[in-house]
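See below for the structure under consideration.
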Amino acid sequence: MPELPEVETIRRQLEPFIVGRTVTDSGSHPSAKFAPAVEVVGTTVESTKRRGKFLLFGLDDGRELIVHLGMTGQLIPGAELDDPYLRAWWRLDERSGSESVLGYRDVRRFGRIRVAQNGDYEGTLATLGPEPFDPDFTPLGLWETLKGSRRHLKTQLLSQRPVAGVGNIYADEACFRAEVHPAVRRVTRAQAERLHHAIVQVLRQGVDNGGTTLRDYRDADGVSGENQHHLDCYGRHGEPCVRCGTELRKTILDARTTTFCPRCQSRR
DNA sequence: CGCAGCGCCTGAAGGC
DNA sequence: TGCCTTCAGGCGCTGC
């Protein structure tokens, strides 16, 4: 559930807490998904970054601690070590006024923790598309990427290749605002331009609102975001479209719940 | 190499 | 009330 705006919100809140601190001890769930957490004991965190939905903590030994929150992951300063859903934890050196333990809590264990040499990534992180707020994410570039595949538009967006950080919520919102049907298999240049604008807009709005809180997501302070009050499409099937009043429809597209306006979001 | 299909997880919500 | 089923879904892996 945490997508780019939620991850960015967490990163911003964590940064003053963690930068400059040394990891003195650590523990993890035995699963290989979380066990790498303990490999960073003895290092000092120098920076926090984000790529798409991945959180990257730069370490003083040239490595990075990489955290993906999956569906239900949370990073919690001051976590309780007896929390049954705590999958990893790091004890940090003392700093007055600051909690000494950072916990990774993940009820459903869809998240993942890794350690890599600086910039030496594998998997999705290695093939991630451009950051949506960077200048190399352009309407023309998006069109070129989308043209290269015959998969459904929304499935392409969720692949992280055309642009990094879009998940189910913001994919529905972007397609809705761009007035493009999520199941088209090819987009026109005009549609790609609208999509580009819509993607930047919905993600920017999400960040500005501190993320979208639905069920599991909480930011690092345990506080809810506010963007759920600003969604036009996601989760609103059965409600009238804010543009034309037509009832929003829900469908399953490539195994993903998808909401769209059957009138506004044309296939061409 | 692209991509479809599947498995991973468990609490919440819905049905009866 | 309580049991059972369905649902949520990002990513890694496998194999065509």
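Excluded from the calculations below are hydrogen atoms, water molecules and symmetry mates; all remaining heavy atoms, backbone and side chain alike, are included. First the proteins, then the strands, lettered A, B, ... as listed; each starts at 1.
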Quick one: label [X] by what it contacts on the DNA or RNA (base, sugar-phosphate, nothing), any heavy atom closer than 4.0 Å.
| X | answer |
| --- | --- |
| A:Arg114 | sugar-phosphate |
| A:Thr257 | sugar-phosphate |
| A:Glu3 | nothing |
| A:Lys250 | sugar-phosphate |

Taking atom types as modelled, is there a side-chain donor on [X] or [Y] under 3.5 Å from an acceptor on the other?
| X | Y | result |
| --- | --- | --- |
| A:Ser159 | A:Arg151 | no |
| A:Arg185 | A:His152 | yes |
| A:Gln74 | A:Tyr85 | no |

Which whole-number value in Å describes the distance from [X] [atom1] to [N] [atom2]?
| X | N | atom1 | atom2 | result |
| --- | --- | --- | --- | --- |
| A:Phe54 | C:dG10 | CZ | C1' | 9 Å |
| A:Leu69 | C:dG10 | CG | P | 13 Å |
| A:Leu4 | C:dC11 | CG | P | 11 Å |
| A:Phe34 | B:dC9 | CZ | P | 8 Å |
| A:Leu157 | C:dG9 | CG | C1' | 16 Å |
| A:Lys33 | B:dC8 | NZ | C1' | 5 Å |
| A:Ile252 | C:dG9 | CD1 | P | 9 Å |

Quiz item: Taking everything shown except A:Lys49 itself, do over 12 heavy atoms lie less than 6.0 Å from its NZ?
Solution: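 Open.
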
Self-check item: Whether over 12 other heavy atoms sit under 6.0 Å from A:His230 NE2
Solution: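 For A:His230, atom NE2 is crowded (more than 12 foreign heavy atoms under 6.0 Å).
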
Quiz item: Shortest non-hydrogen contact from A:Lys53 to A:Pro2?
Solution: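 Heavy atoms of A:Lys53 and A:Pro2 come nearest at CD-O, 3.9 Å.
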
Side-chain N or O of [X] closer than 4.0 Å to phosphate OP1/OP2 of [N]:
| X | N | value |
| --- | --- | --- |
| A:Thr124 | C:dG12 | yes |
| A:Ser149 | B:dC3 | yes |
| A:Tyr234 | C:dA8 | no |

Exercise. State whether the side chain of A:Arg50 and the backbone N or O of A:Gly52 hold a donor-acceptor pair below 3.5 Å, judged by distance alone.
Key: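 Yes; at least one donor-acceptor contact below 3.5 Å.
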
Practice problem: Taking A:Glu3 for its side chain and A:Tyr170 for its backbone only, find out whether a donor-acceptor pair lies under 3.5 Å. | Solution: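 Side chain of A:Glu3 to backbone of A:Tyr170: a pair is present.
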
Quiz item: Going by 5.5 Å between centroids and 30° between planes, is there a stack of A:Phe110 over B:dC8?
Solution: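 The ring of A:Phe110 is stacked on B:dC8.
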
Quiz item: Of the options A:Arg189, A:Glu144, A:His197, A:Glu193, which is the one that meets A:Pro139 in a side chain to side chain contact (heavy atoms under 4.5 Å, CB included)?
Solution: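 The single option meeting the side chain to side chain contact (heavy atoms under 4.5 Å, CB included) with A:Pro139 is A:Glu193.
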
Self-check item: Donor-acceptor pair present, A:Arg108 side chain and B:dC9 base, under 3.5 Å
Solution: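 Between B:dC9 and A:Arg108, which were checked side chain against base, a qualifying N/O pair under 3.5 Å is present.
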
Quiz item: Per the end-axis method with five pairs at each terminus, what is the bend angle of the helix from B:dG2-C:dC16 to B:dC16-C:dG2, to 10°?
Solution: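 The two end axes of the helix from B:dG2-C:dC16 to B:dC16-C:dG2 meet at 40°.
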
Atom pairs under 3.5 Å, N or O on each side, protein against nucleotides 4-7 of chain B: can you list them with distances?
unit_1, atom_1, unit_2, atom_2, d
B:dA4, OP2, A:Arg151, NE, 3.2

Hey, what are the protein-to-nucleotides 13-16 of chain C N/O distances that come in under 3.5 Å?
none

Practice problem: Could you walk me through whether A:Arg108 and A:Thr72 pass side-chain hydrogen bond (donor to acceptor under 3.5 Å, both in side chains), step by step? | Solution: CA-CA 6 Å; A:Arg108 286 164 62 185; A:Thr72 56; 5.5 Å; no

Exercise. Flag yes if A:Phe133 and A:Leu56 sit in one hydrophobic cluster, no otherwise; membership is Ile, Leu, Val, Met, Phe, Trp, Tyr, and two members link when side-chain heavy atoms are under 4.5 Å apart.
Key: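 No: no chain of side-chain contacts under 4.5 Å links A:Phe133 to A:Leu56.
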
Quiz item: Does A:Arg243 make a cation-pi contact with A:Phe176, if we ask for NZ or CZ under 6.0 Å from the ring centre and within 45° of the axis?
Solution: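 Ring-cation test returns yes.
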
